[in-house]
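Throughout, a chain's letter reflects where its sequence line sits, starting with A, and its residues are numbered from 1.
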Amino acid sequence: MLSGEDIRLRVGHSIYRVGGREGHAITINGVLPAPLIRLREGQRVRLHVENGLDEDTSIHWHGLILPFHMDGVPGISFPGIAPGETFTYEFPVLQNGTYWYHSHSGLQEQLGHYGPLVIDPQGQDPVAYDREHVIVLSDWTFLHPHQVIGKLKQEGGYFNRQRLAMLGDPAENTMSAEDRRMWGAMRMDPTDIADVTGSTYTYLINGHGPDDNWTALFRPGERVRLRIINASAMSIFNIRIPGLPVTVVQADGQNVRPVEVDEFQISVAETYDVIVSPPDDRAYTFVAESIDRSGLARATLAPRLGMSAEVPPLRPRPLLSMRDMGMGGMDHGAMGHGSAAAASCPPEHAAMGHCTPGDAGADAEQAMSHDMRDPSLVPSTVTVGVGVDMIAPMPVDRTGDRPLGLEDEPHRVLTYHDLAPLTPFPDKRPPTRSVDIHLTGNMERFMWSFDGRTLNEGTEPIRFARNERVRVNLINNSMMNHPIHLHGHFFEVVTGQAHGDPIKHTVNVMPGGIASFNLTADAPGDWAFHCHLLYHMHAGMMNVVTVRPLDGEGR
Amino acid sequence: MRAPLLLAAALGLATPVLAQHAGHGAPPPEPPAEISTCEPEHAAMGHCSLAPTADPVDPNCPPEHAAMGHCTPTRADSEDAPGGSDPVQAPPVAPPPAEAFSGPAHAADAVFGAATMGRVRSDVLIEEHGGMRTGRVLIDRLEVSYGDGSDGYAWEADAWYGSDYNRLWFKTEGEGEFGHDIEAAEIQLLWSRPVTPFFDLQAGVRHDIEPDTGPAHLVLGIQGLAPYWFEVDAAAFLSDEGDLTARFEAEYDARITNQLILQPHAELELSAGDIVEREIGGGLSSVELGLRLRYQFVPEFAPYVGVSYERSFGGTADYARARGDEVAAWRVLVGLRTWF
């Protein structure tokens, strides 16, 4: 653990071992994940980052509020750190909570260049706990990351080894022939849930594979705080501890009203703090199952070392639904989401034509009558080119939906609607304008973009006036989840719930759905805005957000 | 409640990892003071009740003004506190206000210098976010065949390299019988550009290595993925003699399992007219149907067995009969599909 006002970090090459194999890693201070940085709200910090690589590197402090030129994105906030050079990041620590840090250079993050960052509050922590453990989730592959994206460009579904097949597992081949025909007609794969899967990934907890039995200790009856960080390049996880409910107390470093659930999904770059109170003198298994069920990361909570509990088998791989195609409320019984679908089309949405309630019978045919790529459904500012294989016909707000694959789990599953801020967002002004940002892509060509344009195509930045209050609508025209991250700001994810909107730095936009946030653009400067799936960002799903005027840069 | 903390977690790890954490199990650095009030999580567990949050006051419309009818608070509904936003009532989409366009184009230029930042923007930011180039080499068919007392071989392969929008393609195919000269072999060099989300337009040249008397061709074709996952490659060839021919190929991967794949394949050759020197008749000149069953040990390495049926038609069949060749033939195939 590193703390204090001066912290030294050295980025370098290391040998990393997992599952009996050795590979090349890029690490900080020689460890994977990078060391825990522990700061205190109100202090100043100087982070001296030395580059021991033979290529440029950088560190981005994910979720931290700081001057734009300390944000660590080469080409946006600063020039990057050249080989052999040391760059000193210096800023006041204005917040508290669970965060993380990682490279924003090339694909270094996939190679191990990430670590946890915890800031203790200046005053009393509203969350009471007897003990804490930091849990960094990540994904490791022995392929070089350039090979990974190369494979994806060669064959979009390369890593998917769980496709529908004639002699497939009956539990995973539940789609009717008619539905298969429909998906085939669209050249879309209902099993395309994760681009990179357990076929190459070993899923890690604090750098340890599932066989390592990384163990977190507790005494029965203690309140144990788990600070869970998804530092994966590409992997969204479903997290549960069989036999033990978890109480979510923080999301993305912001305290929330405690909410007890049995399972929650953590998208890439999100953090969740949960409290568990294991009552018994026995071991519990912490399971982080990848969203496509191709593998899992596993740890053990135990009163003593050397213990383990049963590791549940991977559950059947889910299938994408009509709702994931952007068919709004027309989801149908074949997927067994009937009940969710009914709730998902409230009258006010239906009235605006966002969805169609009821009548589950006719929906498949209805769906097919929709053009899945009708450019008239998006404004002319969206480039509907070869990089856009789909335009969601009827996208709806999905922030209240259960996450993909957890629709029918018979226990309590967290949704964004369950998250209520413990302290209300300070800016109460209603937004004065809306900005629509379309998440676009071509699964087959592995092209990903905002509004149909990649960063390298010379996109116009997304411009905000300083202190402007804006509603940003993220409209997902693809069948994949996209964790969208805005640097330098927190925003309120619009859930419409009476208990308030959760305050986040990263919002997962579900397939074919909409997630909106209210933003107070109070951080002057240039900021990265991107999908936090590493290879989506590398493919160009990124833009620059500018906040002007600069006027002395504010802080 | 503040029991002494146990030893830090995760000693004695299973893997002898050189450069890894032993886990971050650690005590909270400073235990919070005795809890005097109702904590939210206790409240959530029903242990106590939280004091209700005061209704937020709309700064633009304080209650005294509202009472006088001067304005309407934005959060009139007290149940709404502390203020969930209504996802339906959103303001209209509008361009940024003028001040959003003020100041420098790139904020970091003032800190690190415009020259430095400009270089990094073009060399790093652009290149690493959509500017990458990739390539692939695919040997789609490398096979030996048996039928009618003759043992033959055939290949079909391609390679490409480039960006998302501009790619250089190389294609080759050919066949022959063991113990004889190569019967036919061609190479194509094409520039390829996507024209729809699923199809590329390809244009370039074709050179026939065997028979060496073959003409040179200009090539114009489309290649891509048709609905229902049919891989399609259709091309027209204009020879330097002015002869127009065309080739249409389609194949489909039927997954028996994720590794065992049955691939029907059809190839049609057509000609706009009679080409005497190449013994091709006008119209449909030949059809080849194949059925290959491959096993993907890994996606990049898949041996297969199969059968094929080839038949020539019309004038082309007449030329074949005149040569004393069969017009139709069944063959059994063993081969390899591989790519990297």
Side-chain angles (χ1 to χ4, degrees), chain A residues 14 17 27 30-31 36 68-69 74-75 79 106 124-125 132-134 150 153-154 161 163 165-167 184-185 187 206-207 212-213 215-217 257-258 305 348 386 389 397 424 428 430-431 433-434 436 442 447 454-456 463 465 471 494 496-498 500-501 525-526 540 542 548-550, chain B residues 6 9-10 12 14-15 17-21 23-25 28-29 32 35 39-41 44 56 74 79-80 82-88 90-91 93-94 96-97 99-100 102-103 107-108 111-112 116 120-121 124-126 128-131 134 136 164 194 197 225 227-229 255-258:
Chain A
S14 296
R17 294 186 187 89
T27 57
V31 292
L36 170 65
F68 74 86
H69 59 284
Q124 180 185 308
D125 196 327
E132 70 166 23
H133 295 284
V134 175
K153 288 275 187 190
Q154 290 168 334
R161 311 288 156 82
R163 298 172 124 171
M166 295 173 214
L167 301 182
R187 291 161 280 193
N206 294 336
D212 295 347
N213 193 28
T215 299
L217 294 179
R257 289 183 170 234
L305 289 173
E348 62 274 21
V386 298
D389 65 10
D397 176 15
K428 292 284 167 207
R433 66 178 175 111
S434 291
D436 285 354
N442 183 325
M447 294 168 75
T454 55
L455 180 68
N456 68 309
R463 298 179 192 273
R471 168 76 53 90
V494 177
Q497 299 302 294
D501 298 324
D526 293 351
M542 179 162 174
R548 297 288 188 278
L550 296 178
Chain B
L6 293 178
T15 3
V17 176
L18 183 72
Q20 269 175 274
H21 266 263
H24 305 296
I35 309 301
E39 291 168 32
E41 56 276 286
T74 48
E79 279 184 11
D80 211 14
S85 310
D86 185 345
V88 177
V93 171
E99 62 263 40
S102 66
V111 185
F112 300 102
T116 303
V120 177
R121 264 195 303 279
V124 178
L125 189 65
I126 296 304
E128 291 181 356
H129 300 97
T134 47
R136 184 190 70 181
D164 289 335
L225 190 65
Y228 305 102
W229 299 97
R255 279 183 301 278
I256 296 167
T257 70
N258 270 266

Of all heavy-atom pairs between [X] and [Y], which one has the smallest distance, and what is that distance?
X	Y	answer
B:Gly130	A:Asn456	O-ND2, 3.2 Å
B:Ala107	A:Arg548	N-NH2, 3.4 Å
B:Ala100	A:Ala465	CB-N, 3.6 Å
A:Pro74	B:Val120	C-CG1, 3.9 Å
A:Pro431	B:Pro91	O-CG, 3.4 Å

Do any N or O atoms from the side chain of [X] and from the backbone of [Y] form a donor-acceptor pair under 3.5 angstrom?
X	Y	result
A:Arg433	B:Ala94	yes
A:Arg187	B:Leu225	yes
A:Asp389	B:Pro197	no

Taking side chain as everything from C-beta outward and backbone as N, CA, C, O, which of these in [X] sits under 4.5 Å from a heavy atom of chain A? Side chain, backbone, both or neither.
X	answer
B:Tyr228	both
B:Val93	both
B:Ser102	both
B:Thr116	side chain

**Study point:** Non-hydrogen side-chain atoms of B:Ile256 and A:Met166 separated by less than 4.5 Å
**Key:**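 The answer is yes, as the side chains (C-beta and beyond) meet within the 4.5 Å cut-off.
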Review point. Any side-chain heavy atom of A:Leu455 within less than 4.5 Å of one from B:Glu128?
Key: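 Result no, sub-4.5 Å side-chain heavy-atom pair not found.
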Exercise for review: Mind checking the CG-OG1 spacing from B:Asp164 to A:Thr454? Nearest 0.5 Å is all I need.
Suggested key: 7.5 Å
Check your understanding: So how far is it from B:Ile126 CD1 to A:Met542 CE, rounded to the nearest 0.5 Å?
Key ->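 With rounding to 0.5 Å, CD1 (B:Ile126) is 9.5 Å from CE (A:Met542).
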Check your understanding: Most heavy-atom pairs under 4.5 angstrom with chain A, which of B:Pro96, B:Gly103, B:Ala108?
Key -> B:Pro96
Among [options], which residue forms the greatest number of heavy-atom pairs with chain B at distances under 4.5 Å?
options	answer
A:Gly150, A:Gly106, A:Gly525	A:Gly106
A:Pro549, A:Pro79, A:Gly540	A:Pro79
A:Lys153, A:Met447, A:Arg163	A:Arg163

Point to revise | Interface moiety of A:Asp526 toward chain B, non-hydrogen atoms closer than 4.5 Å | key: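 Contact with chain B: backbone and side chain both.
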